[in-house]
There are 2 protein chains.
Amino acid sequence: MKRTKSRNIIKNILLNSSKSITALEIFEIAKKDGVTLSTIYRTLLTFEEENLIKKDVSPFTSKASYSWKEEEHGHILECIKCHKQIILDYCPFEEVNKEVEEKTGFTLEDENHVLYGLCSTCKEKNEKQK
Amino acid sequence: MKRTKSRNIIKNILLNSSKSITALEIFEIAKKDGVTLSTIYRTLLTFEEENLIKKDVSPFTSKASYSWKEEEHGHILECIKCHKQIILDYCPFEEVNKEVEEKTGFTLEDENHVLYGLCSTCKEKNEKQK
DNA sequence: TCTTAATTGCGAATTATTCGCATTTATCTC
DNA sequence: GAGATAAATGCGAATAATTCGCAATTAAGA
């Protein structure tokens, strides 16, 4: 993989982002340096093939977002109401995945990096409404 | 919610499908009865709002697929190589989700119904290649 | 049966993503 | 460091999934 200016810029944006971001969000930041949207999509594909980033697609918005893979395999929790994201610095599924594999022969891989739910604030609001 | 011919047709297609299917796949079956693609999309949206179906989006193909919600909350395992789907008739995540909630205050909801991985056949093939 | 709001069909619009092709650039060899 | 070559990029057009607007139809209830 060639090291190019565009790739560096995109990599840094991903590294500096505290959340999983879309191609368009990357473009908003990178366009001032002349990086094209097609380059961004192509670069993200390359990074994905090189296993450097994780692509997630929200079932709520159908939008793809990307995050740099950290050393330790963790997750991002995203609130489906306020879209706040918080980091979970470990993977809670390792045990369970093993269990499923034993039962079904099916190896769960590459579970979604972004997990959806309600943050405590939005959950409280939700319950008050009822 | 009005009961209409289209909705019945779409509901039955979902009920009879052994896998999570896309709007287009539904259309292929339903078009002989004159059901439009826009009706299918709108109906799926309605069903989703009524909490009757689950929408999933594959991070591999970015395609949305839909499945009727069963009484007991289970999952579908889809192989990322051969796209075979098998049914997991329970949810392996209940314990883990509770654990995450205790640690973070974040309530995991609506985890993906479709889980991705490798079926045993494709996994063996994969390992032979190495 | 009549009324009304919800649903549908149709085609056009939108949006994210991919593609083709000419041009540029990083890397490798000498 | 100069030249050769494949890889990467920019640009705009093409594609594909999904949504929308609006007029016509239909289910449900009075």
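Computed from a prediction, not measured in an experiment: that's the story for all the values here. Residue numbers start from 1 in every chain, and the chains themselves are labelled A, B, ... in the order their sequence lines are given, proteins ahead of strands.
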Restricting to side chain to side chain donor-acceptor pair (under 3.5 Å), what partner residues turn up for A:E28, sequence neighbours left out?
A:K31
Would you say the side chain of B:Y116 lies within less than 4.5 Å of the side chain of B:P59, judging by non-hydrogen atoms?
yes
Sequence neighbours excluded - side-chain hydrogen bond (donor to acceptor under 3.5 Å, both in side chains) pairs with any residue from residues 6-15 of chain A:
none
How bent is the helix from C:dT1-D:dA30 to C:dC30-D:dG1, comparing axes over its five end pairs at each side, to the nearest 10°?
40°
Applied to residues 16-27 of chain B, the salt bridge (charged side-chain N to carboxylate O under 4.0 Å, His left out) test, sequence neighbours excluded, yields B:K19-B:E25
Between A:K103 and A:E99 (salt bridge meaning N to carboxylate O under 4.0 Å), is one present in this structure?
yes
By a strict heavy-atom criterion of less than 4.0 Å, which residues belonging to residues 27-38 of chain A are in contact with DNA chain D?
A:G34, A:T36, A:S38
For a 4.0 angstrom threshold against heavy atoms of chain A, report the outermost contacting nucleotides of DNA chain D in 5' to 3' order.
D:dA6 to D:dG12
Is there any protein nitrogen or oxygen under 3.5 Å from a nitrogen or oxygen in nucleotides 26-30 of chain C, and what are the pairs?
unit_1: C:dA26; atom_1: O3'; unit_2: A:R3; atom_2: O; d: 3.3
unit_1: C:dT27; atom_1: OP1; unit_2: A:R3; atom_2: N; d: 3.2

Could you list by number each residue of residues 6-24 of chain B showing a heavy-atom separation from DNA chain C of less than 4.0 Å, or answer none if no residue does?
B:S6, B:R7
To the nearest Å, how far apart are B:L45 CG and C:dT8 P?
12 Å
By the rule that ILVMFWY residues connect when side-chain heavy atoms come within less than 4.5 angstrom, directly or transitively, which residues belong alongside A:I9?
A:M1, A:I10, A:I13, A:L14, A:L15, A:I21, A:L24, A:I26, A:F27, A:I29, A:V35, A:L37, A:I40, A:Y41, A:L44, A:F47, A:L52, A:I53, A:Y66, A:W68
Any side-chain donor-acceptor pair under 3.5 Å between B:K55 and A:S62?
yes
For C:dT18, take OP1 and OP2 only and decide whether either is under 4.0 Å from a side-chain N or O of A:Y41.
no
In whole Å, I'd like the distance from the CG atom of B:L44 to the C1' atom of C:dT8.
15 Å
Anything under 3.5 Å between a donor and an acceptor, one on a side chain of residues 72-81 of chain A, the other on a protein residue two or more places apart or in another chain? List them.
unit_1: A:H73; atom_1: NE2; unit_2: A:E111; atom_2: OE2; d: 2.8
unit_1: A:H75; atom_1: ND1; unit_2: A:N112; atom_2: O; d: 3.1
unit_1: A:H75; atom_1: ND1; unit_2: A:H113; atom_2: O; d: 3.3
unit_1: A:H75; atom_1: NE2; unit_2: A:E111; atom_2: OE2; d: 3.1
unit_1: A:E78; atom_1: OE1; unit_2: A:Q85; atom_2: NE2; d: 2.8
unit_1: A:E78; atom_1: OE2; unit_2: A:H83; atom_2: ND1; d: 3.0

Linking Ile, Leu, Val, Met, Phe, Trp and Tyr through side-chain heavy atoms less than 4.5 Å apart, which residues share a cluster with B:V57?
A:V57
Side chain to side chain donor-acceptor pair (under 3.5 Å) against A:T39, all qualifying residues, sequence neighbours excluded
none
